[in-house]
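Since the structure is predicted, the reported quantities are computational estimates derived from the model, not experimental observations.
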Protein chains: 2
Amino acid sequence: MAGGCRLVVVTALLSIGEFATVTHLSVKTLRHYHDEGLLVPEQVDPHSGYRYYSPDQIPTAQVIRRFRDLDMPVREIARLLGTDVDGRAGMITDHLARLERRLAATTEAVGALRRLLTPDPPRLEVVHRREPARRVVAVSEEVRRADVLRWYSGAMAEIDAVVPRALRTGPPGGQYDNALFTHGAGRATVFVPADRDVAEGRVRSITLPARELALTVHRGPHDDIDVTYGALGAHLAEHALRLDGPVHENYLVGPRDTADSDAWRTEIGWPVFTTTPG
Amino acid sequence: MAGGCRLVVVTALLSIGEFATVTHLSVKTLRHYHDEGLLVPEQVDPHSGYRYYSPDQIPTAQVIRRFRDLDMPVREIARLLGTDVDGRAGMITDHLARLERRLAATTEAVGALRRLLTPDPPRLEVVHRREPARRVVAVSEEVRRADVLRWYSGAMAEIDAVVPRALRTGPPGGQYDNALFTHGAGRATVFVPADRDVAEGRVRSITLPARELALTVHRGPHDDIDVTYGALGAHLAEHALRLDGPVHENYLVGPRDTADSDAWRTEIGWPVFTTTPG
DNA sequence: GCGGGACTCTCCCGTGGCGGGAGGGTGCAG
DNA sequence: CTGCACCCTCCCGCCACGGGAGAGTCCCGC
């Protein structure tokens, strides 16, 4: 506290290197944040282009660093800092929710990997069945693969609100365009079978056409469903059957029926070209 | 099970689209994995370039999908699949450990953010002190910023093994090149003060030169240390002091002394140009 | 045998958040 | 004034794909 400094300059500015040193953000990073408008230096020398930061910007830089540590995208942080305090809380909550979802996904992936690497489950049985045309209450939209799970929840909730359980003539189901898998986006349809004419919000009554299906039943959580898909696909390939149209799923036993994911049963039906007359 | 299929072809191959459909990997992804050598189609038509996959490759694709779900890099998966079973377990363990570290880092970041957004801690006190030259036992290397923490553990463990506690003349410390922060890589030195001549492995006795330091003490976990750095930096900027050389840290109370991270004390000293004679 | 539509191919560019490096200007101390 | 550390602006690379253009291929039905 004893004096001894040259001069007390009220608005001493820091060069980019000094600012990098005190904030622990690299020079490259600071220039990037300037380009992105996330952290604009208080002064920029119009002649040399040198950036000069105010000590007052240090706390902002620290907040930015914290959010980047949490993998929040730079543009989102910029929006965050440009929002009033009320909005911020919501954005932070949203981001933490995303992190939680990512964590859950990782945990699931670990479990799925462990199950995959443990001894093989029994071979699946495949049956062929002609599915007749059905009247269903459905939501159908173009979706992206990464969004399917959340989209499903929303759509099914909407259907639930419209069609009471008593009126249903079977378990819920879904149809998924092949393009969803081959191109990462395509049409998805979820439905419950019901003899009812409905048109509310996204919910519509439609008639699913009759199809020839190769069917099997997946047992257990949906994280492993691709294994059954693969086994079914291998079966079809070995029998030289060709796929024809979107895959069908019927949720015979699902999360709404029991919390025990090992008890879940999902019927997977793949339309195949009819190769035998009648 | 009743017949009716056209023909049973023993080695029916799948086009890339069919393979994408049954494995839930996109066509783009499959082509990428082919380019990277991760999943090479069983046959490639030399004329048309069409890729054809065997049903036997479906399980491999599923394993790959699982590892990608866990964010394992493509090249690492390729190495994994090219390694014998013994090596695999180790690689998987390593990767899971990485995931765990990432999770821990996220948890810490959430805590650090929360602390940063809660009411301000009391202003820090900065004192100036002339640090005399010191004889220390040290490890000094060029490191990258992201590796500093792990490098520190290893280096300090090596020092611990060489210098018994009884011989030490003070708490452990470290020096970190400014380039570590400005450029993400630079020289780091960790040491314990001790009057001893040592040269074992990476451990060497060296003499730290005398320096004029602006000092403050950081209280609490190291995740928040950048806040104190920022405050110290702001202090220096406001007093128009210029930085001179690598920053010093002295671990007065650290994780080896108590598990209560709130009790930790880290002295941070920044060399400044001597501005007063004597 | 000939459409035509669905499928597939190979580029090439874009993403996000920087790091590396080239080539050249600036600021400051001795 | 000279040297050197610092700073500038490009531009490219990373990683795991997605998007899209432009061209070739497959196969079914007629």
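A salt bridge links A:D71 with A:R102: the closest approach of a Lys/Arg side-chain nitrogen to an acidic carboxylate oxygen falls below 4.0 angstrom. Remark: A:E36 engages A:R75 in a salt bridge, criterion side-chain N to carboxylate O under 4.0 Å. Salt bridge annotation for B:D224-A:R66: present, with a cationic side-chain nitrogen under 4.0 angstrom from a carboxylate oxygen. A salt bridge links B:E131 with B:R129: the closest approach of a Lys/Arg side-chain nitrogen to an acidic carboxylate oxygen falls below 4.0 angstrom. Using a 4.0 Å cut-off between charged side-chain N and carboxylate O, B:R98 and B:E76 make a salt bridge.
Side-chain atoms of A:R31 lie closest to D:dT9 of the nucleotides D:dT9, C:dT26, C:dT10. Of the candidates C:dG27, C:dC18, D:dG18, the closest approach to any side-chain atom of B:T29 belongs to D:dG18. Out of D:dT25, C:dG25, D:dC17, the shortest distance to the side chain of A:Y50 is found at C:dG25. Here the nucleotide nearest the side chain of A:S48, chosen from C:dG16, C:dC18, C:dG27, is C:dG27.
Atom pair B:R145:CZ and C:dC18:P shows a separation of 12 Å (rounding to whole Å applied). We find that CG of A:D45 is positioned 11 Å from P of D:dT9, with the value rounded to whole Å. At whole-Å resolution of the value, CZ in B:R68 and C1' in D:dC15 are 8 Å apart. Spacing between atom CG of B:L13 and atom C1' of C:dC7 amounts to 17 Å, rounded to whole angstrom units. In this structure, CZ of A:R144 is placed 13 Å from C1' of C:dT15, rounded to the nearest angstrom. What separates CG of B:D35 from P of C:dC9 is a distance of 11 Å, to the nearest Å. Going from atom NE2 of A:H34 over to atom P of C:dG17 covers 17 Å, rounded to whole Å. Whole-Å rounding puts the B:R75 CZ to D:dA16 C1' distance at 10 Å.
Side-chain N/O atoms of A:R51 include one lying less than 4.0 angstrom from OP1 or OP2 on D:dC8. For A:H183, no side-chain nitrogen or oxygen approaches OP1 or OP2 of D:dG18 to under 4.0 Å. For the OP1/OP2 pair of D:dC7 and a distance below 4.0 Å, the side-chain nitrogens and oxygens of A:S15 include at least one atom meeting the criterion. A:R65 has no side-chain polar atom (N or O) that falls below the 4.0 Å cut-off from OP1 or OP2 of C:dG17. Note on B:S26: every side-chain N or O is 4.0 Å or more away from OP1 and OP2 of D:dC17.
With hydrogens and angles ignored, a donor-acceptor pair under 3.5 angstrom links the side chain of A:K28 to the base of C:dG20. Between the side chain of A:Y33 and the base of C:dG17, no donor-acceptor pair under 3.5 Å is found.
Within the nucleic acid shown, A:G184 has no heavy atom closer than 4.0 Å to any nucleic acid atom.
None of A:Y50, A:Y33, A:Y53 except one satisfies the ring pair (Phe, Tyr, Trp, His ring centres under 6.0 Å) rule with A:F19; the exception is A:Y53.
Nearest-nucleotide mapping onto DNA chain C: of A:Y52 and A:L30, the residue sitting toward the 5' end is A:L30.
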